[in-house]
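Predicted, not measured: the structure shown is a model, and the values here were computed from it. Every chain is numbered from 1, with letters handed out A, B, ... down the list of sequences. Just so you know, these numbers use all the heavy atoms, side chains as well, and skip hydrogens, waters and symmetry mates.
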Amino acid sequence: MPELPEVETITNRLRVQVLNASIRDCDVRWRKSVATPNADQFIHQIKDQRILSLSRRGKFILFQLTYDVLLIHLRMSGDLLVDPETNSIDKHDQIIFTLDTGQVIKFNDTRKFGRVWLTDDPESVVGKLGPEPFSEAFTPAIFFDALHGKHRQIKPLLLDQSFLAGLGNIYTDESLFDAGISPRTISADINAPTSERLHASIRKVLLKGIENNGASIDWVYKGGGFQNHFRVYQRTGQPCLNCGTPIQKTVIGQRGTHYCPNCQPFPGG
DNA sequence: CACGAGACCTGTTCGC
DNA sequence: TGCGAACAGGTCTCGT
């Protein structure tokens, strides 16, 4: 599920709900959800730490606690839900944090791919991430240079979190469509004007996602509306909203990839 | 360095 | 209707 807009939405929601609360207790029901330290140490160490601030880096949610930073990555099916008090526990609630306010934060994760870290050195977890798409450091010129520093298909490159942080399968397909670039285009072959267009499209599409509180698909992640604005994602066979050509789906880098063969021609055919 | 396959997991949808 | 295959918002590791 969660890409940058969904994680941003969840982080902002959490900030309103649990900022300044202290973690009184923690129940780990799927031990592998804890990446580091081991589950027992994690539970012991997080107790009585207070949530001083919340932020997002790429697809990670960061809780600045009294002594450590709690980092959470939701991967494919994770979500963070806040209950006003201890209620029903879902079978997919993998970690449950009880707060001194009586509230409960539930890390719900059907597929169990999500992970949490507790460390005083968050750089050890997020240090290899590429730039934030909305940071001032992510300029069109830097993006162009980065594209030419690689010789890879543009779609898998944009999904590479060490290249650029935050894009996932939905927003990559939507960005490439918006910029009119074939997902198979080799990064080093993208010229300056096209690179600048892609840079703008990435920000535009992510912003639209954030404005719609992310995308809700199937049973995973509730509350988003960006799925109503998809132009290629999950529109296989439907007419392109620009030219009417049926949207195609293929596999690139082992990921389902949606595109308009007319609006996103591969250079040279 | 770039890329594909296989893992990690569960649930839903598709095809015969 | 039933059942297995295919597929799903992500990322890591290994082999070529």
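A:Arg255 has a side-chain polar atom (N or O) that falls below the 4.0 Å cut-off from OP1 or OP2 of C:dG9. For A:Lys128, no side-chain nitrogen or oxygen approaches OP1 or OP2 of C:dT11 to under 4.0 Å. Listed pair A:Arg111 / B:dG11 fails the phosphate criterion, with no side-chain N or O lying under 4.0 Å from OP1 or OP2. For A:His151, no side-chain nitrogen or oxygen approaches OP1 or OP2 of B:dC3 to under 4.0 Å. For A:His73 and C:dT11, the shortest distance from a side-chain N or O to OP1 or OP2 is below 4.0 Å. For A:Lys249 and C:dC7, the shortest distance from a side-chain N or O to OP1 or OP2 is not below 4.0 Å.
We find that OH of A:Tyr221 is positioned 17 Å from P of C:dG9, with the value rounded to whole Å. With rounding to whole Å, A:Lys59 atom NZ is found 8 Å from C:dG9 atom C1'. When the P atom of C:dC7 is taken as reference, atom CD of A:Gln234 falls 14 Å away, rounded to whole Å. As a whole-Å value, the separation of A:Asn213 CG from C:dG9 C1' is 16 Å. Computed from coordinates, the A:Leu80 CG to C:dG9 P distance equals 20 Å when rounded to whole Å. In this structure, the OH atom of A:Tyr171 is 13 Å from the P atom of C:dG9, given to the nearest Å. Protein atom NZ of A:Lys32 is 17 Å distant from nucleotide atom P of C:dC12, rounded to whole Å. Here C:dG10 presents its P atom at 18 Å from CD1 of A:Ile72, a figure rounded to the nearest Å.
The same atom, C1', is picked in C:dG9 and in B:dC3; the two are 22 Å apart, to the nearest Å. Across C:dC7 and B:dG6, the matching C1' atoms stand 16 Å from one another, rounded to whole Å. With P as the reference atom, B:dA5 and C:dA6 are 14 Å apart, rounded to whole Å. Spacing of P atoms, C:dT11 relative to B:dG11, comes out at 22 Å, to the nearest Å.
Distance from the side chain of A:Phe113 is smallest to B:dC8 among C:dT11, B:dA2, B:dC8. Taking every side-chain heavy atom of A:Thr110 into account, B:dG11 is the closest of C:dT11, B:dG11, C:dG9.
Between the side chains of A:Asn213 and A:Lys222, no donor-acceptor pair is found at a separation under 3.5 Å. A donor-acceptor contact closer than 3.5 angstrom links the side chains of A:Thr250 and A:Arg184.
Projected onto DNA chain B by closest heavy-atom contact, A:Arg115 and A:Gln153 fall at different nucleotides, the more 5' of which corresponds to A:Gln153. If A:Gly149 and A:Gln254 are placed on DNA chain B by their nearest nucleotide, the residue sitting closer to the 5' end is A:Gly149.
Counting non-hydrogen atoms under 4.0 angstrom, A:Tyr233 reaches the backbone sugars and phosphates but no base.
For A:Gln49 (side chain) and A:Tyr67 (main-chain N/O), a donor-acceptor pair under 3.5 Å exists by modelled atom type.
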Run A:Glu3 and A:Lys59 through salt bridge (charged side-chain N to carboxylate O under 4.0 Å, His left out) and show every step you take. CA-CA 6 Å; A:Glu3 306 178 32; A:Lys59 300 175 191 172; 5.7 Å; no
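Taking the six-membered ring where tryptophan is involved, the planes of A:Tyr171 and A:Phe226 are essentially parallel, since the angle between them stays under 30° and well short of 60°.
Searching all strands for a Watson-Crick or G-U wobble partner of B:dC9 with both distances below 3.5 Å returns nothing.
Applying side-chain contact (heavy atoms from CB on, under 4.5 Å) to A:Arg50 and the options A:Leu65, A:Leu19, A:Asn20 leaves one that passes, A:Asn20.
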